[in-house]
There are 2 protein chains.
Amino acid sequence: MVTGKKKTEMREDFSGKVSDETLRKLVGYNMKRAFNEVQADLVQVLQQFDLRMMTYSALILIVDNPGLRQSHLAEALAVERPNLVIIIDELERRGLIARERLISDRRAYALVATLPGRQLYENALRAVKAHETKIFGDLDDPETLKLIETLRQVERRARAR
Amino acid sequence: MVTGKKKTEMREDFSGKVSDETLRKLVGYNMKRAFNEVQADLVQVLQQFDLRMMTYSALILIVDNPGLRQSHLAEALAVERPNLVIIIDELERRGLIARERLISDRRAYALVATLPGRQLYENALRAVKAHETKIFGDLDDPETLKLIETLRQVERRARAR
DNA sequence: TCATAATGGTTATAAAATATAACTATAACT
DNA sequence: AGTTATAGTTATATTTTATAACCATTATGA
């Protein structure tokens with residue numbers, strides 16, 4: 001549905017020749033369009049594991065930070081706490097992580113990944129890296145590293161406003 | 001609310017030291033986080049004109065492409081036609097654009113910007129460019145142009161999947 | 001110590017963005 | 001002329017994101 005003009009569209013019309021020069025000179029617009037396409041492909045990849053982006057991001061941080069609290073996870077992912085609850089609920093319901101009560105603070109949970117959770121983490125990560133390599137080229141290439149560095153700098157400078 | 005640890009957080013905890021190395025090695029994640037920050041700032045800028053991102057993007061394309069049809073606009077913005085209707089409705093209600101009936105095809109509208117619409121376009125564009133320069137540096141700098149080119153390439157390669 | 005404030009997690013809810021099916025009126029095709 | 005396709009719309013559902021308010025627990029400080 002991206003391109004491909006049918007016979008009917010061959011009249012005088014704007015198909016495929018709408019001028020979006022003004023928008024395309026704006027970095028933010030290009031970021032949005034590029035990310036949308038990347039995301040669309042990633043969603044496909046993660047669907048094979050019955051994961052969504054945010055769910056998988058949470059799993060990654062829990063695996064990498066055993067004992068993490070929900071509030072720290074929310075801050076690290078830049079998600080509001082209430083919105084994280086259902087995500088943690090799902091990961092727990094699927095047996096990928098566990099909420100362990102703390103003796104030191106009985107309000108909080110220590111989030112820990114289970115073995116199946118760590119396995120899913122690994123398997124999905126392989127697929128995600130393949131997806132990224134396909135789109136961005138080798139993730140260790142100087143070009144790719146430079147892109148990541150630029151994006152992080154943009155993030156910092158935008159947050160500084 | 002970004003950083004700033006209160007006295008209470010000084011215990012042994014994960015505040016500000018959650019390891020997100022795995023996520024940060026993924027380009028897509030950095031794109032998402034960077035774009036979120038850019039968008040947050042842009043939203044502030046556009047609020048002064050009572051515009052949202054999509055509404056303003058639509059206005060830009062209508063100003064730059066007088067006589068545009070809604071379906072072509074939808075395709076150019078990668079938005080579903082039904083979702084564009086309310087956006088066009090708003091622009092029309094505010095007197096920024098007009099839906100002009102076509103004699104050649106009485107199903108379609110030719111979208112044209114009004115004088116106030118063109119003026120808002122100009123004023124908002126100045127503010128948006130200032131916002132972008134603040135974050136990305138001069139928009140004509142080779143670095144910025146290179147970033148845009150990279151993003152467009154990413155978009156193409158991701159769409160090719 | 002006790003009253004107050006703050007924190008971690010949750011619930012409920014709303015707003016916004018996004019997607020799909022189905023409808024109308026017109027137009028194009030054979 | 002009859003079928004098919006298109007432009008725009010309506011209705012609707014889903015997802016994402018944000019906000020307020022609550023409960024239980026912990027920290028603060030008079």
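Residue numbering restarts at 1 for every chain, and letters A, B, ... go by the order of the sequence lines.
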Criterion side chain to side chain contact (heavy atoms under 4.5 Å, CB included) on B:Glu155 and B:Leu151, from CA distance to verdict: CA-CA 6 Å; B:Glu155 183 183 337; B:Leu151 290 169; over 6 Å; no

Any [X] side-chain N or O less than 4.0 Å from OP1/OP2 of [N]:
X: B:Ser71; N: D:dT6; answer: no
X: B:Arg99; N: D:dT9; answer: yes
X: A:Gln70; N: C:dT10; answer: yes

Answer yes or no: are there more than 12 heavy-atom neighbours, outside A:Gln48 itself, under 6.0 Å from its atom CD? yes

Suppose we call a contact any N or O donor and acceptor under 3.5 Å apart; does that hold for the side chain of A:Arg106 and the base of D:dT25? no

Please walk me through it: do A:Leu73 and A:Ile88 pass side chain to side chain contact (heavy atoms under 4.5 Å, CB included)? CA-CA 10 Å; A:Leu73 178 55; A:Ile88 302 299; 3.6 Å; yes

Give the rounded distance in Å between these two atoms: [atom1] of [X] and [atom2] of [N].
X: B:Tyr109; N: C:dT24; atom1: OH; atom2: C1'; value: 11 Å
X: B:Leu84; N: C:dT20; atom1: CG; atom2: C1'; value: 16 Å
X: B:Arg101; N: C:dA27; atom1: CZ; atom2: C1'; value: 13 Å
X: A:Gln39; N: C:dA17; atom1: CD; atom2: P; value: 15 Å
X: B:Glu100; N: D:dG8; atom1: CD; atom2: P; value: 14 Å
X: B:Leu77; N: C:dA17; atom1: CG; atom2: P; value: 13 Å
X: B:Arg107; N: C:dA25; atom1: CZ; atom2: P; value: 14 Å
X: A:Asp105; N: D:dT28; atom1: CG; atom2: P; value: 12 Å

Do the side chain of A:Tyr121 and the main chain of A:Tyr56 share a donor and acceptor less than 3.5 angstrom apart?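 The answer is no, because no donor-acceptor pair under 3.5 Å joins these two groups.
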
State the pairing partner of D:dT19; accept Watson-Crick or G-U wobble contacts with both distances under 3.5 Å, and report none otherwise. C:dA12

Sugar-phosphate or base contact per nucleotide [nucleotides 15-20 of chain D; S, B, -; heavy atom under 4.0 Å]: -SBBBB

Is a salt bridge present between B:Glu90 and B:Arg94, judged by a nitrogen-to-oxygen distance below 4.0 Å?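 Looking at B:Arg94 together with B:Glu90, the answer is yes, because their closest N to O distance falls below 4.0 Å.
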
Determine, for B:Asp89 against B:Arg99, whether the closest basic-nitrogen to carboxylate-oxygen distance falls under 4.0 angstrom. yes

Residue whose nearest DNA chain C nucleotide is more 5′ - A:Asp89 or B:Ser104: A:Asp89

Could you see if B:Ile135 belongs to whatever hydrophobic cluster contains B:Leu139? Use Ile, Leu, Val, Met, Phe, Trp, Tyr and a side-chain cutoff under 4.5 Å. yes

